[in-house]
S.K.: 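My questions will all concern the structure given below.
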There are 2 protein chains.
Amino acid sequence: MSKRITIKQIAAALHVSISTVSKALNDSYEISEETKRKIQEYAKEHKYKPNTLALSLQNKKTKTIGILLPNILTYYYARVLRGIEKVATEKGYNLITCITNDSYKKEVYTMEMLSNGTIDGFIACIANETLELKEFDHFKDILEEGTPIVLYNRVHKDINCDKVVTDNIKSAYKATRFLMRSECKNIALVSSTKGLDISKFRLKGYLKALTKYDITPNEELIINLKSEKKLKTRINEMLDNNQVDGIFTIDEVSAALTTQVLNKRGIKIPEDVSIIGFTNGILSRYSTPPLTSVNRFAHTTGEVAAARLIDKIEEKIPFNDITTEIIKTELVERESTKKLFIKF
Amino acid sequence: MSKRITIKQIAAALHVSISTVSKALNDSYEISEETKRKIQEYAKEHKYKPNTLALSLQNKKTKTIGILLPNILTYYYARVLRGIEKVATEKGYNLITCITNDSYKKEVYTMEMLSNGTIDGFIACIANETLELKEFDHFKDILEEGTPIVLYNRVHKDINCDKVVTDNIKSAYKATRFLMRSECKNIALVSSTKGLDISKFRLKGYLKALTKYDITPNEELIINLKSEKKLKTRINEMLDNNQVDGIFTIDEVSAALTTQVLNKRGIKIPEDVSIIGFTNGILSRYSTPPLTSVNRFAHTTGEVAAARLIDKIEEKIPFNDITTEIIKTELVERESTKKLFIKF
DNA sequence: ATGAAAGCGCTAACAA
DNA sequence: TTGTTAGCGCTTTCAT
């Protein structure tokens, strides 16, 4: 257990000054080849590694980004993280990752903790609780201090910083329209994320599509619950009392549970009922049958957010140049919807 | 954009010395109530936050743990991370998370990067490539330096440090036995992770169970591929030419694809064929039908690893006290296997 | 009760 | 070409 060696120790061992060692290790032109060689050799031999902390203290730059995720078990966030990680690594940045669990308190605490020189900037998705409380002072304070923040997925207009979002309304509109074009007449909506913005916006897109095509929305066909707990029961009830030939599921869990219910009832997908999902995650790809769904490009979201933040940190963009990037979506056709012969 | 304030600035503003400010902020008994009040008020007013970097440099402790994950999209690793995160937060530690993508180079680079004062210890899952190359010097060097490491899931005997693992052989044995007890005679194995230790060990457990119950393993019933690419084709071939009434799938993706194939062929689960999976992730829970599978307690794995590492860091356990913790598994019965009436 | 000074590991301006 | 010194933000002896 040989502790790490410092520049000072090298200096002492080689009877030169500390700054000579520093310069030699940085390959400065000021130092003679002879001395450089000697010092570098000694350093290598003793596995010298510069102390990052000391460097950061000096440069006022840590090359570290703080990431806030509401959770990591949802495929979407895992993929966003992957995207961030990719460009961060390319540009030599490390990631400090914190999972807020959608708690306001944890979010505030974490941001306080990290905004003291530990990180150069934040990439964050606002916790649900924070959004409900409408308490954004911690974001504002940090921006005030000159630390850049990029918000993704969940944002709020009161926080004046860069944002990367998905157009939920438009995407839901397109998904619903797709069902109509594949000849579905009675299109239901199933959600287990009531209360979240995404749920609100996707519902809006669904309603917009129906209205646009002169279909009066039927309340009985809209299941919008806060959790997945009673979802199966409600879907069964709906199917007991209504004719349904298309279902737009707002989140992956809803899609999976809907599929399970239909299967239990002996309803064939897509022959009897078509299903279209949102968020093209692992559940969609590997479900039986594979699910047609809206791909959100989570990975791109992460990449864009990271690139933007790093540009801000490195002052390639002025701090006050604020933008909102909208990541487009794409419909991935699989086997849970009927093949369309008329393309549009 | 008002930059962060330092202790020095407070001292200047209040015409006291730096050390007085430091002591006052730390509520030292040496300072008069009067002065303390004045200083603390001023600090609060100007939102003073101590610079973590400077503190870490001083204490030689960063209260930060480096986490190495082969990937984050697999539910298992996401859950391990969650477990680590939980205890780390409780004990006031931050996490620097790095995804190695199973690359040896990235693993070495990351560990080099972080082991320079940035982190107090590592929790790591060895990258596949590293395991293939059998190159463990980076781990050994870091341990030499006195930085503790806890390895989880994938380990190697040449690395002498704390470990947290699953008993793959035993678990696979139990899963296979379960199929036999639910009256399956011809039990196939499907894997898309050939080459990994997990694949090797689970296969071993499967064979052990067959042998134990006097069944001669049939090579035609063992599909062990390196990726999921040709998996469906191979499963179809197997089903074309063999009688199969039980399938042990070694990973979640194999389970999902097997389910898709059976469904396409009109084979009923579990009436015609029972399936049992490994790793009780999101795919198992939400598949149609829900999958009976071996639960690995990924969350516990993370918790145990983190607790152990922090104890090491805080020197509650001597550095040389090395243990290997085996996390037990549990079979979660769902709908992809026949109900057993004889419990065991 | 307050302050001066050294030091954590390193860089960089300046001097020799 | 090499060394001295100050300083990054903070804590902690040791004087005063």
Side-chain angles (χ1 to χ4, degrees), chain A residues 3-40 42-43 46-64 113-120 145-147, chain B residues 3-40 42-43 46-64 113-120 145-147:
Chain A
K3 279 286 167 197
R4 269 182 286 279
I5 194 175
T6 72
I7 227 173
K8 196 173 169 184
Q9 291 171 41
I10 301 183
L14 266 41
H15 306 294
V16 290
S17 81
I18 292 181
S19 63
T20 304
V21 176
S22 172
K23 284 172 189 162
L25 292 174
N26 289 313
D27 215 13
S28 161
Y29 64 95
E30 293 179 53
I31 308 295
S32 74
E33 288 306 319
E34 170 67 13
T35 326
K36 269 195 214 171
R37 217 208 61 249
K38 221 170 51 191
I39 293 177
Q40 287 171 358
Y42 187 91
H46 291 75
K47 295 191 183 149
Y48 167 79
K49 297 180 204 164
N51 182 313
T52 322
L53 244 40
L55 289 178
S56 298
L57 187 57
Q58 190 95 347
N59 314 327
K60 313 273 215 158
K61 287 283 176 223
T62 62
K63 284 266 189 179
T64 305
M113 275 297 310
L114 298 181
S115 62
N116 308 157
T118 309
I119 52 92
D120 293 341
E145 284 170 5
T147 303
Chain B
K3 279 285 168 197
R4 268 182 288 279
I5 194 176
T6 72
I7 228 174
K8 194 173 170 185
Q9 291 170 41
I10 301 183
L14 265 42
H15 305 293
V16 291
S17 81
I18 292 181
S19 61
T20 304
V21 177
S22 171
K23 285 171 189 163
L25 291 174
N26 289 314
D27 216 13
S28 161
Y29 65 95
E30 292 180 55
I31 308 295
S32 73
E33 289 306 318
E34 170 68 12
T35 327
K36 268 194 212 170
R37 219 210 58 251
K38 223 171 50 193
I39 293 177
Q40 286 172 359
Y42 187 92
H46 291 75
K47 295 188 183 151
Y48 167 78
K49 298 180 205 164
N51 182 313
T52 322
L53 244 39
L55 289 179
S56 297
L57 186 57
Q58 192 96 348
N59 314 328
K60 313 274 213 157
K61 285 284 176 221
T62 62
K63 284 262 187 181
T64 305
M113 274 297 310
L114 297 181
S115 62
N116 308 155
T118 309
I119 51 92
D120 293 341
E145 285 169 6
T147 304

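Treat the numbers as computed from the prediction; the structure is a model and nothing was measured. For the numbers below, each heavy atom of this structure counts, side chains included, while hydrogens, waters and symmetry mates do not. Chain A is the first sequence line, chain B the second, and so forth, proteins listed ahead of strands; every chain is numbered from 1.
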S.K.: Looking at OG1 of B:T118 and NZ of A:K49, how far apart are the two atoms once the value is rounded to the nearest 0.5 Å?
M.R.: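 These two atoms lie 10.5 Å from each other.
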S.K.: Report for the helix from C:dA1-D:dT16 to C:dA16-D:dT1: angle between first-end and last-end helix axes, five pairs each, rounded to 10 degrees.
M.R.: 60°
S.K.: Is A:K47 paired with B:E145 through a side-chain N to carboxylate O contact shorter than 4.0 Å?
M.R.: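 Salt bridge absent between B:E145 and A:K47.
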S.K.: Side chain of A:N51 only, heavy atoms from C-beta on: which candidate in D:dT11, D:dG3, C:dC10 is closest?
M.R.: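 Nucleotide nearest to A:N51's side chain: C:dC10.
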S.K.: Which heavy-atom pair separates A:I39 from A:A24 by the least distance, and what is that distance?
M.R.: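 Heavy atoms of A:I39 and A:A24 come nearest at CD1-CB, 3.5 Å.
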S.K.: Do any side-chain nitrogens or oxygens of B:S22 fall under 4.0 Å of OP1 or OP2 in D:dC10?
M.R.: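 B:S22 to D:dC10 OP1/OP2: no side-chain N or O under 4.0 Å.
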S.K.: Think B:Y48 has a side-chain N or O under 4.0 angstrom from the OP1 or OP2 of D:dC10?
M.R.: yes
S.K.: What is the distance, to the nearest angstrom, from the CD1 atom on B:I31 to the C1' atom on C:dG3?
M.R.: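 For the pair B:I31 CD1 and C:dG3 C1', the rounded distance is 9 Å.
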S.K.: Which residues pass the side-chain contact (heavy atoms from CB on, under 4.5 Å) test with A:Q9, sequence neighbours left out?
M.R.: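 A:I5, A:T6.
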S.K.: Report the residue (A:I5 or B:V16) whose heavy-atom-nearest nucleotide on DNA chain C is the more 5′ of the two.
M.R.: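 In this pair, the answer is B:V16.
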S.K.: Determine, stepwise, if the pair A:D27 / A:Q40 fulfils side chain to side chain contact (heavy atoms under 4.5 Å, CB included).
M.R.: CA-CA 9 Å; A:D27 215 13; A:Q40 287 171 358; 3.6 Å; yes
S.K.: For DNA chain D, find the residues of residues 53-64 of chain A with a heavy-atom distance under 4.0 Å and give them by number; none if there aren't any.
M.R.: A:L57, A:Q58, A:K60
S.K.: If every non-hydrogen atom of A:I7 is compared with every non-hydrogen atom of A:Y48, which pair is closest and at what distance?
M.R.: N-CE1, 3.8 Å
S.K.: Could you give the NE2-to-P distance, from A:H15 to D:dT4, as a whole number of Å?
M.R.: 14 Å
S.K.: Return the value, rounded to whole Å, for the distance between atom CD of B:Q9 and atom P of D:dC10.
M.R.: 9 Å
S.K.: For a quick test of reading the model, state the closest non-hydrogen atom pair linking B:L25 to B:A43 and the distance between them.
M.R.: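 The answer is CD2-CB, 3.7 Å.
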S.K.: Donor-acceptor pair, distance only, cut-off 3.5 Å: does the side chain of B:R4 make one with the backbone of A:S115?
M.R.: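 Checking the backbone N and O of A:S115 against the side chain of B:R4, a donor-acceptor pair under 3.5 Å is found.
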S.K.: Please determine if a side-chain N or O atom of B:T20 lies less than 4.0 Å away from the OP1 or OP2 oxygen of C:dT2.
M.R.: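 For B:T20, the contact criterion (side-chain N or O under 4.0 Å from OP1 or OP2 of C:dT2) is not met.
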S.K.: OP1 or OP2 of C:dC8 versus the side-chain N and O atoms of A:K8: is any pair under 4.0 Å?
M.R.: yes
S.K.: Just checking A:T6: base, sugar-phosphate only, or nothing, at a heavy-atom cut-off of under 4.0 Å?
M.R.: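 The answer is sugar-phosphate, as A:T6 gets under 4.0 Å only of primed atoms, P, OP1 or OP2.
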S.K.: Any donor-acceptor pair under 3.5 Å joining the side chain of A:S19 to the base of D:dT4?
M.R.: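 Under the 3.5 Å cut-off, the side chain and the base do form a donor-acceptor pair.
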S.K.: Please tabulate, one pair per line, each protein N/O and nucleotide N/O from nucleotides 14-16 of chain C that are separated by under 3.5 Å, including the distance.
M.R.:
none

S.K.: Could you walk me through whether A:I119 and A:T147 satisfy the side chain to side chain contact (heavy atoms under 4.5 Å, CB included) test, starting with their C-alpha distance in whole Å, then the side-chain angles of each, then the deciding distance to 0.1 Å, before giving a yes or no?
M.R.: CA-CA 9 Å; A:I119 52 92; A:T147 303; 4.1 Å; yes
S.K.: Can you list the residues that meet the side-chain contact (heavy atoms from CB on, under 4.5 Å) rule with B:T62, with sequence neighbours excluded?
M.R.: A:L53, B:S56, B:T64, B:D120
S.K.: May I ask you to list the residues of residues 32-40 of chain A, by number, that have any heavy atom positioned under 4.0 Å from an atom of DNA chain D?
M.R.: A:S32, A:T35
S.K.: If you count heavy atoms of other groups shown closer than 6.0 angstrom to NZ of A:K61, is the number above 12?
M.R.: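 Result for NZ/A:K61: enclosed.
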